[in-house]
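To start, the structure itself, in structure tokens.
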Number of protein chains: 2
Amino acid sequence: MTTELSPRAREIVAVARQLLEEKGPAGLSMRRLADRVGIRASSIYKHLPDKQALEHAIVSTVFEELADEFEAALEHADPVGTMVAIYRRYAKDHPHLYRLMTEQPLQRDLLVPGVEERASLPARLLVGDDPDAGRALWAFAHGMTILELNDRFPPSADIDAAWRAGFDAFRRYAENAQ
Amino acid sequence: MTTELSPRAREIVAVARQLLEEKGPAGLSMRRLADRVGIRASSIYKHLPDKQALEHAIVSTVFEELADEFEAALEHADPVGTMVAIYRRYAKDHPHLYRLMTEQPLQRDLLVPGVEERASLPARLLVGDDPDAGRALWAFAHGMTILELNDRFPPSADIDAAWRAGFDAFRRYAENAQ
DNA sequence: GTCTATATCAAGATAGAC
DNA sequence: GTCTATCTTGATATAGAC
């Protein structure tokens, strides 16, 4: 459980997160992590059971960070647009974290309880009271984000325009539903 | 270049594809592949320069297969709906192939020339003459697909309904644009 | 075009001393 | 809570004989 992490474990997780952001998933090995922390790889296992736990602890910090930003966006004039912009921005600034967070099934019992819900609650508020449309919008945002990260759009593509088109489609959908 | 693959190389690629589908990316090693083919790992390098080339050869076969299915869908009454259904279905039936195809930047010079375009041409036809909306729809479809594969929707989510909501949003968007 | 043999490197994880 | 030493497993890839 990430909830009961010791202060020392939290330090290690913070270093691991930095390492991942810098070097990518292949760069996050227990040995390299230990090097940065200044201890031996075997010592990490005194603080965290295994690599999976480490990764999920990192993901928890990301969820918390995103949730904070989303909640702050509720104050803005256009919260929906702001949150989508935050989402896109965050992925661009932290591509490896974004991948870690989305590119694999989560083991939810390894997360800090509640963080996933906190980070997804704003998304559920986006499209009126329609959770299905909310998930569809999330899928669109994730699709755009990850396809861009993976360089899957042709060089000629106007990615901003694609974001606008999809966003408009969902906005109109939400308006007509009311 | 995948274009100039020898018949023997093609056999190896076909076995590799099967292996990937069965065991996932971690299961696709040169050794295991060689085992299945009935030769030694080192012999593979007489037919394919490296693993990257092997993976891109597999991806090319997938593009071709998908393109064929998409083009056949043009005959249907509702080609748009049919293609989206094909897309979703294909990913569900071949999750590892789908991941291989989408979860990394492609090195396009390693693909059979033209296959990517063939597979994406139907997608571009979906939303009128608006390539931005077409890309947005693709992003939506990919997002839904990969989030479902990665088990990222909560158990309570009605995934069919989310597909419908997003699809409706884009359909209405396309109708209003005309 | 296949083989044997090997280079090279890396990973996650554990045992047990201190 | 840290260490040394080690286990176990795996990978991609090359050299050179046949």
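Below, chains carry the letters A, B, ... as their sequence lines are ordered, and counting in each starts from 1.
- When the shell of 6.0 Å around CZ of R36(B) is examined, it contains more than 12 heavy atoms from other residues, nucleotides or ligands.
- Per the geometry, CZ belonging to R40(A) stands 14 Å off C1' belonging to dT6(D), to the nearest Å.
- Put simply, CZ on R32(A) is 11 Å from C1' on dC9(C), counting in whole angstrom units.
- Although no hydrogens or angles enter the test, the distance criterion places a donor-acceptor pair under 3.5 Å between the side chain of T145(A) and the main chain of A141(A).
- Here the side chain of D130(B) pairs a donor or acceptor atom with the backbone of D132(B) at under 3.5 angstrom.
- Among residues two or more places apart in sequence or in another chain, the side chain to side chain donor-acceptor pair (under 3.5 Å) test is passed with R164(B) by none.
- Other residues, nucleotides and ligands place no more than 12 heavy atoms under 6.0 Å from the CZ atom of R89(B).
- For the pair I39(A) CD1 and dG1(D) P, the interatomic distance rounds to 11 Å; values are reported in whole Å.
- Straight-line distance from the NZ atom of K23(A) to the C1' atom of dA10(C): 16 Å, rounded to whole Å.
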Base versus backbone protein contacts along nucleotides 12-18 of chain D [heavy-atom cut-off under 4.0 Å; B, S, -]: BBB----
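- Ring pair F70(B)/Y87(B) is parallel by interplanar angle, where below 30° counts as parallel and above 60° as perpendicular.
- The phosphate of dC3(C) (OP1 or OP2) has a side-chain N or O of S43(B) nearer than 4.0 angstrom.
- Of the side-chain N and O atoms in R8(B), one or more sit less than 4.0 angstrom from OP1 or OP2 of dT2(C).
- Remark: P of dA11(C) and CD of E55(A) are 13 Å apart, rounded to the nearest angstrom.
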